[in-house]
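Here is the structure we will look at.
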Amino acid sequence: MEDDKILMVHGSGGSATGELIDKIFDKEFSNKTLDQMEDSAVVEGAGRIAMTTDSFVVTPAEFRGGDIGRLCVCGTVNDLLMRGATPKYLTCGFILEEGLSIDLLKRVVHSMAETAREAGVEIVAGDTKVVNGHGEIYINTAGVGFVPDDVEISAGRAEVGDAIIVSGTMGDHHAAILSERMEIETDIESDNAPLGDIVRNLLENKIKVHTLRDITRGGLGTVLKELSESAKKTFTIEDELIPVSPKVRDFCGLLGLDPMYMGNEGKLVAFVAAEDEERALEIIRNSKYGSGAVIIGHVTEDSDGRLIARTAIGGERELDVLQGEGLPRIC
Ligand code: MG
């Protein structure tokens, strides 16, 4: 009998990815920390330490606005930040296919170093393997951060009344990668960026932040639906408030894509207490990479976890996580 095979759909970040994680990885690796399925694990130690790991397989390795080197630092740093941690250390593992351009590798490593400096982290350990192949590069980065004693930010903490704030426009990274691959002429750039300034400013100003999540694979729709289930709440958002740049909107129109399900690499969604919402919005807007922040809706009631999008003319539709494949190898 033939074994089942891994399919591209398993990497989409949507329902098939969730099933793969449940049935294979979580089944074997399950423990109290991992089962929380947070952006990074907060574990006991000397004080509280946040840890996370991520592998980067984006193709092409260089794209408008970034490259796999910037991406692998931002992705890992952002996952630490989403628990309120201060990112400190990264490790990196390179898997290089025979035939990879050494010039490309130098550019990628340089970009990693620059981005690490920007994000305030040190790369403290690494490893390289070379394998047969077609000249591609893959990078795994693991990250460690420290969590201040008084910070409790997690997926389940959203409360009825909380404002739902996104830090900027949706779909930029996804559109940049897809246009490169399809050789469509556009000047849409990836938004890949470390989000430390936003998180630091929110915490320093004592904003009551309940939940943070970076909006990556699967897009805003997937992230919000998953968070609604963790919090056991209904989130109600306004369709026309979701920020999308005119260029990305045109690109989506051309290809029939929905920006709600397109990934970013430098945007987050924040759930903040009702009394802090206007102040939080101002703080994010005045932070690096947060100038396009918008309040897109609120947590409206207790439930099993529902995501409702209201249209400008008063209609409502219920949204689910991304179904199907999405765009493979976006990060
Ligand atoms: Mg994340």
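Quick caveat, the model's predicted, so the values are computed rather than measured.
- By the salt bridge (charged side-chain N to carboxylate O under 4.0 Å, His left out) test, Arg329 pairs with Glu136, sequence neighbours left out.
- Between Val151 and Gly84, the shortest heavy-atom distance links the atoms CG1-CA, 3.9 Å.
- Expressed to the nearest 0.5 Å, how far CG of Asp39 lies from CD1 of Ile153 amounts to 11.0 Å.
- In this structure the side chain of Ile237 reaches within 4.5 angstrom of the side chain of Met260, judged on heavy atoms.
- In terms of heavy atoms, Gly290 sits closest to Ile198 at CA-CD1, 3.9 Å.
- By the 4.0 Å N-to-carboxylate-O rule, Lys288 lies close enough to Glu118 to be salt-bridged with it.
- Between Ile284 and Leu202, some side-chain heavy-atom pair lies under the 4.5 Å cut-off.
- Between the side chain of Asp320 and the backbone N or O of Lys225, no donor-acceptor pair lies under 3.5 Å.
- The shortest distance between side-chain heavy atoms of Lys267 and Asp172 falls below 4.5 Å.
- To the nearest 0.5 angstrom, Ser167 atom OG is 11.5 Å from Arg285 atom CZ.
- Closest heavy-atom contact between Met112 and Cys92: CE-CB, 3.9 Å.
- Remark: side-chain polar atoms of Glu180 are paired, donor with acceptor, to backbone N or O of Arg64 under 3.5 angstrom.
- Taking OG1 from Thr211 and CZ from Arg83, the interatomic distance works out to 9.5 Å, rounded to the nearest 0.5 Å.
- For Asp149, the CG atom sits in a loose shell: 12 or fewer heavy atoms of surrounding residues, nucleotides or ligands are nearer than 6.0 Å.
- Here the side chains of His298 and Glu277 are in contact, with some heavy-atom distance below 4.5 Å.
- For the atom pair Ile296 CD1 and Asp239 CG, the distance stands at 10.0 Å (nearest 0.5 Å).
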### Message
For Asp302 and Lys232: C-alpha separation, side-chain torsions, deciding distance, then whether side chain to side chain contact (heavy atoms under 4.5 Å, CB included) applies.
### Response
CA-CA 6 Å; Asp302 292 320; Lys232 297 191 169 21; over 6 Å; no
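- Using a 30° and 60° split on the angle between ring planes, Phe271 and Phe235 fall in the tilted class, from 30° to 60°.
- Within the 3.5 Å criterion, the main-chain N or O of Ile177 finds no donor-acceptor partner in the side chain of Ser190.
- Contact annotation: the side chain of Val144 never approaches that of Val124 to less than 4.5 Å [non-hydrogen atoms, C-beta and beyond].
- With Thr141 as reference, Thr76 is the one residue of Asp54, Thr52, Thr76 to meet the side-chain hydrogen bond (donor to acceptor under 3.5 Å, both in side chains) rule.
- Thr53 and Asn140 are linked by a side-chain donor-acceptor pair at a separation below 3.5 angstrom, with hydrogens and angles left out of the test.
- Atoms OG and CG, on Ser154 and Leu227 in that order, are 10.0 Å from each other to the nearest 0.5 Å.
- Every pair passing salt bridge (Lys or Arg N to Asp or Glu O under 4.0 Å) that includes a residue from residues 102-112 is listed here, sequence neighbours excluded: Glu62-Arg107.
- For the pair Pro148 and Phe146, the tightest heavy-atom approach, listed with the atom from each and the gap, is CD-O, 3.6 Å.
- Clustering ILVMFWY residues whenever any of their side-chain heavy atoms sit less than 4.5 angstrom apart, transitively, puts Val130 in the very cluster that holds Phe94.
- Taking all atoms of both residues into account, the shortest heavy-atom contact from Pro259 to Leu257 is CD-O, 3.6 Å.
- Counting only heavy atoms from C-beta outward, the side chains of Leu105 and Ile137 approach each other to under 4.5 Å.
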### Task
Go through Arg200 and Asp197 one step at a time and tell me if the side chain to side chain contact (heavy atoms under 4.5 Å, CB included) criterion holds.
CA-CA 5 Å; Arg200 199 164 40 246; Asp197 198 47; 3.5 Å; yes
### salt bridge (charged side-chain N to carboxylate O under 4.0 Å, His left out) evaluation trace for Arg48 with Glu152
CA-CA 11 Å; Arg48 294 190 305 160; Glu152 284 299 339; 2.9 Å; yes
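- No path of Ile, Leu, Val, Met, Phe, Trp and Tyr side chains, each step under 4.5 Å between heavy atoms, connects Val321 with Met262, placing them in separate hydrophobic clusters.
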### Message
If you apply the rule side chain to side chain contact (heavy atoms under 4.5 Å, CB included), what do you find for Arg181 with Thr59, and how did you get there?
### Response
CA-CA 8 Å; Arg181 273 196 228 152; Thr59 181; 3.8 Å; yes
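- Not one N or O on the side chain of Asn192 forms a donor-acceptor pair closer than 3.5 Å with the backbone of Glu265.
- Formation of a donor-acceptor pair under 3.5 Å by the Asp276 side chain with backbone atoms of Lys208 is found in this model.
- Around atom CG of Asp35, more than 12 heavy atoms belonging to other residues, nucleotides or ligands sit under 6.0 Å away.
- Checked against the 6.0 Å centroid criterion, the rings of Tyr261 and His174 do not qualify as a close aromatic pair.
- Asn78 places no side-chain N or O within donor-acceptor distance of the main-chain N or O of Pro194, the cut-off being under 3.5 Å.
- Linking ILVMFWY side-chain heavy atoms closer than 4.5 Å, directly or via other members, places Leu104 and Tyr138 in two distinct hydrophobic clusters.
- Just one of Thr169, Asp191, Ile188 meets the side chain to side chain contact (heavy atoms under 4.5 Å, CB included) condition when paired with Val248; it is Ile188.
- Residues Gly135 and Leu100 come closest through the heavy atom pair O-CD1, 3.1 Å.
- Residue Glu275 qualifies as enclosed at atom CD: its count of foreign heavy atoms under 6.0 Å is above 12.
- Phe56 and Leu80 fall into different hydrophobic clusters, defined by Ile, Leu, Val, Met, Phe, Trp and Tyr side-chain heavy atoms under 4.5 Å apart, directly or through other members.
- Of the possible polar contacts, none joining the Glu159 side chain to the Ala273 backbone as a donor-acceptor pair under 3.5 Å is found.
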### Task
Begin with the C-alpha distance, continue with both residues' side-chain angles, and end with the deciding distance and a verdict on side chain to side chain contact (heavy atoms under 4.5 Å, CB included) for Leu81 and Leu212.
CA-CA 8 Å; Leu81 287 163; Leu212 294 171; over 6 Å; no
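- Every residue meeting the side-chain contact (heavy atoms from CB on, under 4.5 Å) condition with Arg310, not counting sequence neighbours, appears here in chain and number order: Thr236, Glu238, Glu316.
- Listed for the Glu301 side chain is no donor-acceptor partner under 3.5 Å among the backbone atoms of Thr234.
- Distance NE2/His173 to CZ/Arg217: 11.0 Å, rounded to 0.5 Å.
- Residues Val166 and Pro243 form a side-chain contact, since some pair of their non-hydrogen atoms from C-beta on lies under 4.5 Å apart.
- Both Leu203 and Ile207 sit in one connected hydrophobic cluster of ILVMFWY residues. Membership requires side-chain heavy atoms under 4.5 Å apart, directly or through other members.
- Between Asp250 and Thr186 the shortest side-chain heavy-atom distance does not fall below 4.5 Å.
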